[in-house]
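Throughout, residue positions are numbered sequentially from 1 according to the sequence presented. Because the structure is a prediction, the values reported are computed rather than measured.
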Amino acid sequence: MLNDFFSLIYPNTCVICSKPLPNNKSKWCFLCDLRLPKTFLDPQHNSMHKALGHQFPITFGFAPYYFQKGNSIQQILHKLKYEGNKEIGKHIGTQIGLHMIQKEVLDDIDVIMPVPLHTSKLNSRGYNQSQIIGKTLSECVRKPQITDNLYRKRCSTTQTHKSRFKRWESTQGVFGLKDSTSLTGNHVAVVDDVFTTGATIGACLEVLGTVDKIKISVITVAIADY
């Protein structure tokens, strides 16, 4: 009854089409969900795996959606990243977690590690969207999320309008590990919001790849479809 009362004052609406939703668990409506640009959902044959697999020895790569300029996924991620709608990140993390459980691909994952923000950007925004996604994913698959090991050494400027080369150049050497030995022999799932040129993820994988006997997988919400 209390939920029904609050829904009258603050109605839960679809973040894509703004139509009312029947409950507070969903973030977008059934019709919008049908129209979302979904990738091939098998993690071993996903577009993310194909994009990264020839560059880095990853165990698997997975992104459930395609990202294009102006599409509904960009709209969703913009609300998560810049408009403070953290519930979107929680919802997506749970969705990915449930899918991974069904596919049984996270059984041997040891830790989940979100791509970190620099301290200055984290203080400015107030939260790390990748960490929010990773938290509910972590809770869903019952694997710990580590947020105090992988870190950014410097604050990079926005990547949005940079060329592919400039993105790679600006992320070289930007990440570091505080304690590499604690990850020895572990299977780490790196989590981020979107994979565009792969510069940020690539920089993370390079530093993680220095850890002895490590296995790495990558999970993002979306991958750019150019």
NZ/Lys38: more than 12 non-hydrogen atoms of other groups inside 6.0 Å =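 Enclosed.
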Would you indicate whether Phe30, at its atom CZ, is surrounded by more than 12 heavy atoms from other residues, nucleotides or ligands within a distance under 6.0 Å?
-> no
Does the pair Leu98 and Cys140 meet the rule for a side chain to side chain contact (heavy atoms under 4.5 Å, CB included), with working shown?
-> CA-CA 7 Å; Leu98 291 174; Cys140 192; 3.7 Å; yes
Could you report the tightest heavy-atom contact between [X] and [Y], atom names first, then the distance?
{"X": "Val174", "Y": "Ala203", "result": "CG1-CB, 4.3 Å"}
{"X": "Leu183", "Y": "Ile146", "result": "CD2-CD1, 4.5 Å"}
{"X": "Gln68", "Y": "Gln74", "result": "O-CB, 3.7 Å"}
{"X": "Gly209", "Y": "Ile214", "result": "CA-CG2, 4.4 Å"}
{"X": "Ala189", "Y": "Ile219", "result": "CB-CD1, 4.3 Å"}
{"X": "Ile92", "Y": "Ile76", "result": "CD1-CG2, 4.1 Å"}

Will you find, in the side chains of [X] and [Y], an N or O donor that is under 3.5 Å from an N or O acceptor?
{"X": "Asp179", "Y": "Thr181", "result": "yes"}
{"X": "Tyr65", "Y": "Thr39", "result": "no"}
{"X": "Asp110", "Y": "His187", "result": "no"}
{"X": "Ser130", "Y": "Asp192", "result": "yes"}
{"X": "Asn149", "Y": "Ser182", "result": "yes"}

Side chain to side chain contact (heavy atoms under 4.5 Å, CB included) evaluation trace for Phe175 with Thr200 = CA-CA 9 Å; Phe175 295 104; Thr200 300; 3.9 Å; yes
Is it true that [X] and [Y] fall in one hydrophobic cluster, defined by side-chain heavy atoms closer than 4.5 Å?
{"X": "Tyr151", "Y": "Ile216", "answer": "no"}
{"X": "Val15", "Y": "Val194", "answer": "yes"}
{"X": "Val141", "Y": "Ile133", "answer": "yes"}

Check: Phe62 ring centre within less than 6.0 Å of His99 ring centre = yes
Non-neighbouring partners of Lys143 that pass side chain to side chain donor-acceptor pair (under 3.5 Å), sequence neighbours left out |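 For Lys143, no residue satisfies side chain to side chain donor-acceptor pair (under 3.5 Å) once neighbours in sequence are set aside.
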Is Arg152 close to Val115 at the side-chain level, that is, under 4.5 Å between some pair of heavy atoms?
->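 A side-chain contact exists here, since the closest heavy-atom pair is under 4.5 Å.
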Spacing of Tyr127 atom OH and Leu80 atom CG [to the nearest 0.5 Å] =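 It comes to 5.5 Å.
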